[in-house]
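Everything on this sheet refers to the single structure shown next.
Keep in mind that what you see is a predicted model, and the values were worked out from it rather than measured. One-based numbering, in listed order, for ligands and for the atoms of each.
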Amino acid sequence: MAIYARTLTARGYRSYEDYELELADGITILVGRNAAGKTNLVEALQLLTSGQSFRRPAPRELLREGDERGLVRLTLEGEGRRIEHACELGGSRRAFVRNGKKTNASGVRGALPSVLFCPDDLDMVKRSASVRRRALDDFGVQLNARYAALVSAYERVVEQRNNLLKERALDPSLLAAWDEALVANGAALMQHRAALLRRVASHAARAYEGIAPHERMAIAYEPSIFSVPAGALDPPGVTPDLADRAAVEELFRTRLAELADDERRRGLTLVGPHRDEIAFTIDGRPARQYASQGQQRSLVLAWKIAEVAVTRDILGYAPLLLLDDVMSELDEQRRAAILLFIEGEVQTVITTTNLGYFNDDLLSRTKVVHIGEAR
Ligand SMILES: Nc1ncnc2c1ncn2[C@@H]1O[C@H](COP(=O)(O)OP(=O)(O)OP(=O)(O)O)[C@@H](O)[C@H]1O
Ligand SMILES: [Mg+2]
């Protein structure tokens with residue numbers, strides 16, 4: 001059993017006046033020159049399955065230049081159901097629609113999650129911790145409505161608390177109330193992250209072994225309440241035990257008390273999930289400092305494969321896998337690793353400027369769509 005994305009319609013969206021794309025159940029390859037509109041289609045697929053786009057566009061950017069309204073629509077089919085997700089674009093607004101009814105981003109999440117792998121992800125191991133937190137959270141919000149609610153609630157609390165900390169005359173009882181909101185939401189979010197990361201990490205370790213059999217990789221969640229500054233956790237590379245919610249909250253309160261003067265001076269919340277680290281290690285060494293380019297790519301590839309596997313564990317079917325322009329960035333062996341994995345029945349959309357990255361055997365079992373020729 002599975003759910004498949006069937007037909008994508010793009011009207012007055014980005015570079016598309018009116019376009020329809022039929023997806024195969026297996027692999028669909030979108031081939032076309034630079035700026036042909038391949039990533040635009042991938043973005044629409046992501047938007048209509050996850051409720052957000054990796055480019056984080058303002059609604060106006062999604063609307064085709066010069067048009068007043070636009071629409072992207074995706075039909076999904078499977079498990080005896082037919083679902084229609086759409087996003088209506090008009091001026092500076094966008095509105096999600098599910099089966100004809102207005103909804104919000106959460107209304108199009110969960111039916112068929114998507115996993116995107118694009119060139120931006122390739123250096124996620126070395127970039128700032130916020131990139132890795134976002135990778136985990138963007139995945140989590142697709143799988144679990146509670147995770148999604150916690151992410152947005154926590155973000156709001158941090159913003160409000162920061163505003164309060166910047167006020168000249170600070171009301172201590174008001175701050176205490178925000179502290180409690182921070183601690184309650186933050187502790188719950190940390191627990192959700194730890195649980196999800198544990199699943200991702202175990203699949204990723206297995207996938208990495210397939211790519212680099214002589215190395216051991218691990219991923220640990222390092223909450224900043226355990227290590228100020230983030231990343232200074234001892235021992236490194238081990239996710240601390242977060243099972244005891246009361247203990248986590250107590251530690252969080254202690255950190256806030258220690259940092260109270262600093263926070264007041266800087267007008268910033270200095271500890272909590274928005275400062276946490278997700279650390280990759282290879283053979284016990286921090287990948288952020290030590291991993292080679294190739295190792296970093298293998299780590300990211302393993303992470304993406306793990307997202308697919310975790311989705312399958314949780315929902316019982318694979319997500320939609322979107323590989324935007326990454327084939328050219330991977331060498332032969334890593335390309336083979338991902339293609340081998342996909343053959344395990346994952347509906348996949350691959351974009352490329354060059355079909356030369358795919359062998360004839362694969363191409364014979366793949367739907368190839370030329371983009372940018374008749375738009
Ligand atoms: N709102 C919009 N209105 C009109 N055109 C747009 C809009 N947004 C993006 N475009 C155009 O879409 C094109 C880019 O499309 P896209 O990023 O999908 O290309 P691509 O095929 O992925 O290219 P590459 O191979 O270089 O990654 C650009 O020419 C850009 O100007
Ligand atoms: Mg592109």
Side-chain angles (χ1 to χ4, degrees), residues 5 7-24 27-74 85-97 105 114-124 127 131 135 138 297 300-301 304 320-331 334-335 338-339 342 347-358 363 366-375:
T7 309
L8 175 72
T9 307
R11 210 171 286 150
Y13 160 80
R14 293 249 188 224
S15 52
Y16 291 93
E17 183 180 347
D18 194 356
Y19 185 77
E20 208 167 272
L21 173 70
E22 296 282 345
L23 298 176
I27 301 175
T28 304
I29 297 180
L30 309 180
V31 60
R33 58 180 165 74
N34 292 132
K38 303 179 296 296
T39 300
N40 291 345
L41 294 176
V42 165
E43 181 180 32
L45 290 169
Q46 191 193 30
L47 186 68
L48 294 171
T49 48
S50 74
Q52 60 191 4
S53 145
F54 71 105
R55 298 203 267 210
R56 297 287 197 269
R60 185 166 290 287
E61 294 165 44
L62 294 173
L63 188 63
R64 183 168 173 258
E65 246 163 49
D67 284 7
E68 270 171 25
R69 38 187 65 252
L71 169 93
V72 276
R73 186 175 57 215
L74 181 67
H85 289 175
C87 184
E88 296 176 352
L89 310 166
S92 54
R93 295 207 330 215
R94 69 171 190 203
F96 285 100
V97 181
S114 56
V115 171
L116 171 73
F117 187 6
C118 68
D120 269 1
D121 297 321
L122 287 167
D123 55 359
M124 79 175 236
R127 284 165 69 190
V131 173
D138 281 358
R297 281 166 190 224
V300 179
L301 181 58
K304 297 293 173 177
L320 176 64
L321 180 61
L322 305 169
L323 302 177
D324 187 25
D325 222 12
V326 285
M327 286 308 184
S328 59
E329 303 285 342
L330 303 175
D331 63 12
R334 293 188 187 88
R335 240 178 357 246
I338 195 155
L339 289 171
I342 293 168
Q347 189 182 21
T348 304
V349 177
I350 303 176
T351 75
T352 185
T353 51
N354 182 357
L355 288 177
Y357 294 116
F358 309 91
L363 287 174
T366 305
K367 175 169 178 164
V368 176
V369 181
H370 293 266
I371 302 293
E373 279 156 25
R375 261 200 339 242

Show the atoms of ligand 1 that are less than 4.0 angstrom away from any heavy atom in [X].
{"X": "Arg33", "result": "21 (O)"}
{"X": "Ala36", "result": "19 (O), 20 (P), 21 (O)"}
{"X": "Arg55", "result": "17 (O)"}
{"X": "Asn34", "result": "23 (O), 24 (P), 25 (O), 26 (O)"}
{"X": "Gly37", "result": "15 (O), 16 (P), 18 (O), 19 (O), 20 (P), 21 (O)"}

Measure from the side-chain N and O atoms of [X] to the backbone N and O of [Y], and report whether any donor-acceptor pair falls under 3.5 Å.
{"X": "Lys38", "Y": "Val31", "value": "no"}
{"X": "Gln347", "Y": "Ala24", "value": "yes"}
{"X": "Ser92", "Y": "Arg60", "value": "no"}
{"X": "Tyr13", "Y": "Asn40", "value": "yes"}
{"X": "Ser53", "Y": "Arg55", "value": "yes"}

task = Determine, for Asp138 against Arg56, whether the closest basic-nitrogen to carboxylate-oxygen distance falls under 4.0 angstrom.
result =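 Answer for the salt bridge query: yes.
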Closest non-hydrogen atom pair, [X] against [Y]:
{"X": "Leu62", "Y": "Pro57", "value": "CD2-CG, 3.7 Å"}
{"X": "Val349", "Y": "Leu45", "value": "CG2-CD1, 4.0 Å"}
{"X": "Gly372", "Y": "Arg33", "value": "O-NH2, 3.8 Å"}
{"X": "Met327", "Y": "Ile338", "value": "CE-CG2, 3.7 Å"}

Heavy-atom nearest neighbour of [atom] within options [options]:
{"atom": "atom 6 (C) of ligand 1", "options": "Arg64, Glu65, Glu17, Arg14", "value": "Arg14"}
{"atom": "atom 15 (O) of ligand 1", "options": "Leu30, Thr39, Leu41, Asn40", "value": "Asn40"}
{"atom": "atom 13 (C) of ligand 1", "options": "Gly66, Ser328, Ala44, Ala35", "value": "Ala35"}

Would [X] count as being in polar contact with ligand 1, using the rule that some N or O on each side must be under 3.5 angstrom apart?
{"X": "Lys38", "value": "yes"}
{"X": "Leu62", "value": "no"}
{"X": "Glu61", "value": "yes"}

Location of contacts on Leu63 toward ligand 1, heavy atoms closer than 4.0 Å =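 Backbone only; the side chain of Leu63 stays clear of ligand 1.
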query = Any idea which protein heavy atom is nearest atom 11 (C) of ligand 1, and the distance to it?
reply =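 Of the protein heavy atoms, Ser15 CB, 4.0 Å lies nearest.
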inquiry  = Any protein heavy atom at under 4.0 Å, with atom 30 (C) of ligand 1 as the reference point?
reply    =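 Answer no: nothing from the protein, no heavy atom, is under 4.0 Å.
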ask   = Between the Mg ion (ligand 2) and Asn40, is there an N, O or S atom separated by less than 2.8 Å?
value =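 No N, O or S atom of Asn40 is closer than 2.8 Å to the Mg ion (ligand 2), so no.
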